[in-house]
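Here is the structure we will look at.
Both backbone and side-chain heavy atoms feed into the values below; hydrogens, waters and symmetry mates do not.
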Number of protein chains: 2
Amino acid sequence: MPRTADTKEQILDAAEALFSAHGIEGVSLRSLTKEAKVNLASVHYHFGSKEAVVKAAFARCIRPVNRERLALLDQLEKEAADGHLGVEAVLFALFSPTMKLARGSSERQSFVRLCARLYSEPADYLEPFFEDEFREVMKRFEAAFARALPGLPQHELRSRMRFAVGVMAHTMLDCGRTHNWTAGKGDETDAQAILASMVRFVAGGMLARPGRMTPAREEAVA
Amino acid sequence: MPRTADTKEQILDAAEALFSAHGIEGVSLRSLTKEAKVNLASVHYHFGSKEAVVKAAFARCIRPVNRERLALLDQLEKEAADGHLGVEAVLFALFSPTMKLARGSSERQSFVRLCARLYSEPADYLEPFFEDEFREVMKRFEAAFARALPGLPQHELRSRMRFAVGVMAHTMLDCGRTHNWTAGKGDETDAQAILASMVRFVAGGMLARPGRMTPAREEAVA
DNA sequence: GTCTATAGGGGGATAGAC
DNA sequence: GTCTATCCCCCTATAGAC
């Protein structure tokens, strides 16, 4: 065994890799402990339950990302203390920390998919946990977007933030399906190009003039 | 029993409701047949396996939607045979058929979440199935967007289409979490407002000038 | 802290009567 | 076509030796 990592971290490493590949319900503690090369019972000794492993794995994945998001936003707001706050800059602060994960070691690449998957996973116990982990980020970025997009009604702003999250989550999922992103040759240039495209696209959506569709279109859905 | 539906359809009705609520792995054939008020063995008689039930439920849900998408696009291309094809109109053809589902009977509302969930479900056997079901729609809409957005490089166009799908999929998932969309009072006005917001947002992204981020931002991710 | 062994419950699938 | 009964698998969790 080349690593000196302790049992707890070996379990979390395996949890990240397997949960992202097969979903929570698709991973048994047996497959998990086999992958981690630890005993089945040790997972209960260290975590107490499968549910606790899921939360711990997710927390270890997302906390540094959200910390970096807030740090980037701090820096951004300090630079622009007096004047204009750019939408693209705010989006960059929101997106780039996750994108960075997609370029790390192959063990870390699966993190990205894990985060995106967990958001759509219907486990009831995850929803309040998610809310806790993201509350600060959501609050701070809502304020930043409100400043970058003056005049946009709050309800519309919140909808657009959800759309932005949708773009990111979906892109994270798609990054795991390599055949979709084969324009670049590898991870290094790709991640940067995808991030740039994402920021441009979402900025375009954020900046769109809010308003109604043409009447003809509205009738068609009524 | 008020309905005269046969066993097969009762199973599919229950499958839609339960899969969308709990995910594929979260639903056992036992819970499925209990909800459907049919015998456990009947699911194997009619479908052969759980996997076949999943595919059948998904096909029954998505085929009419994709048919309507293509019909709307047909009509749109006929109207605009000579001149300009509007991005918002194409987006409307792509999005509105799913949005309509979200306003039907409560049994049908869960369809929407089902479709969104299945896209992120990591079941290997679903990916080729998905590809088959959406090939025609993707081909036709890629051509339509190419026409509506002349000059946009094909690779960028494909990225943006994935972003658009991400917005829709994420919105479908969120529609099930009612507390997120409580601005309107019910489903009727909400669905229309959400659809309008979505179309405006994605159109803004589609129409964004493709290009690079500012050099400072690019360095930060390198 | 780490292991073996096992409890106790569900899971998908199937055989065969009706 | 529909049912009951059952096979055999895998699951999480725990007890208790080391």
Closest-nucleotide ordering on DNA chain D, the 5'-leading residue of Ser28(A) and Asn39(B):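 It is Asn39(B) whose nearest nucleotide is closer to the 5' end.
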Sugar-phosphate only, base, or nothing, as touched by Val53(A) at under 4.0 Å among non-hydrogen atoms: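 Result for Val53(A) = nothing.
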Sugar-phosphate only, base, or nothing, as touched by Ser42(B) at under 4.0 Å among non-hydrogen atoms: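 Here Ser42(B) touches no strand at all.
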Gap between atoms [atom1] and [atom2], on [X] and [N] respectively (whole Å):
X	N	atom1	atom2	value
Gln10(A)	dT2(C)	CD	C1'	13 Å
Glu25(A)	dG11(C)	CD	P	11 Å
Lys37(B)	dT2(D)	NZ	P	16 Å
Leu40(B)	dT2(D)	CG	P	14 Å
Leu32(B)	dA13(C)	CG	C1'	15 Å
Ile11(A)	dG1(C)	CD1	C1'	12 Å

Using the side-chain heavy atoms of [X], tell me which of these nucleotides is nearest: [options].
X	options	answer
Ala41(A)	dT4(C), dG1(D), dG11(C)	dT4(C)
Tyr45(B)	dG1(C), dT2(D), dT4(C)	dT2(D)
Leu29(A)	dA13(D), dG11(C), dC3(C)	dA13(D)
His44(B)	dC3(D), dT2(D), dA13(C)	dA13(C)

Any donor-acceptor N/O pair, Ser96(A) side chain to Phe92(A) backbone, under 3.5 Å: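 Checked: pair present.
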Thr7(B) side chain near dT2(D) phosphate (N/O to OP1/OP2, under 4.0 Å):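 Answer is yes, contact under 4.0 Å.
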His46(A) side chain near dT2(C) phosphate (N/O to OP1/OP2, under 4.0 Å):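 Affirmative; the distance criterion is met.
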Other residues, nucleotides, ligands: >12 heavy atoms within 6.0 Å of Lys8(A) NZ: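 No, NZ of Lys8(A) has 12 or fewer neighbouring heavy atoms, counting only those of other groups under 6.0 Å.
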From CD (Glu77(A)) to CZ (Arg140(A)), nearest 0.5 Å: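 The distance works out to 5.0 Å.
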Nearest heavy atoms of Ser120(B) and Leu173(A), plus distance in Å: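 Closest approach of Ser120(B) to Leu173(A), heavy atoms only: CB-CD1, 3.4 Å.
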Distance-only donor-acceptor test (3.5 Å): side chain Arg30(B), base dG10(C):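 Side chain to base: no pair present.
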Ring centers of Phe58(A), Phe130(A) separated by less than 6.0 Å: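 Yes.
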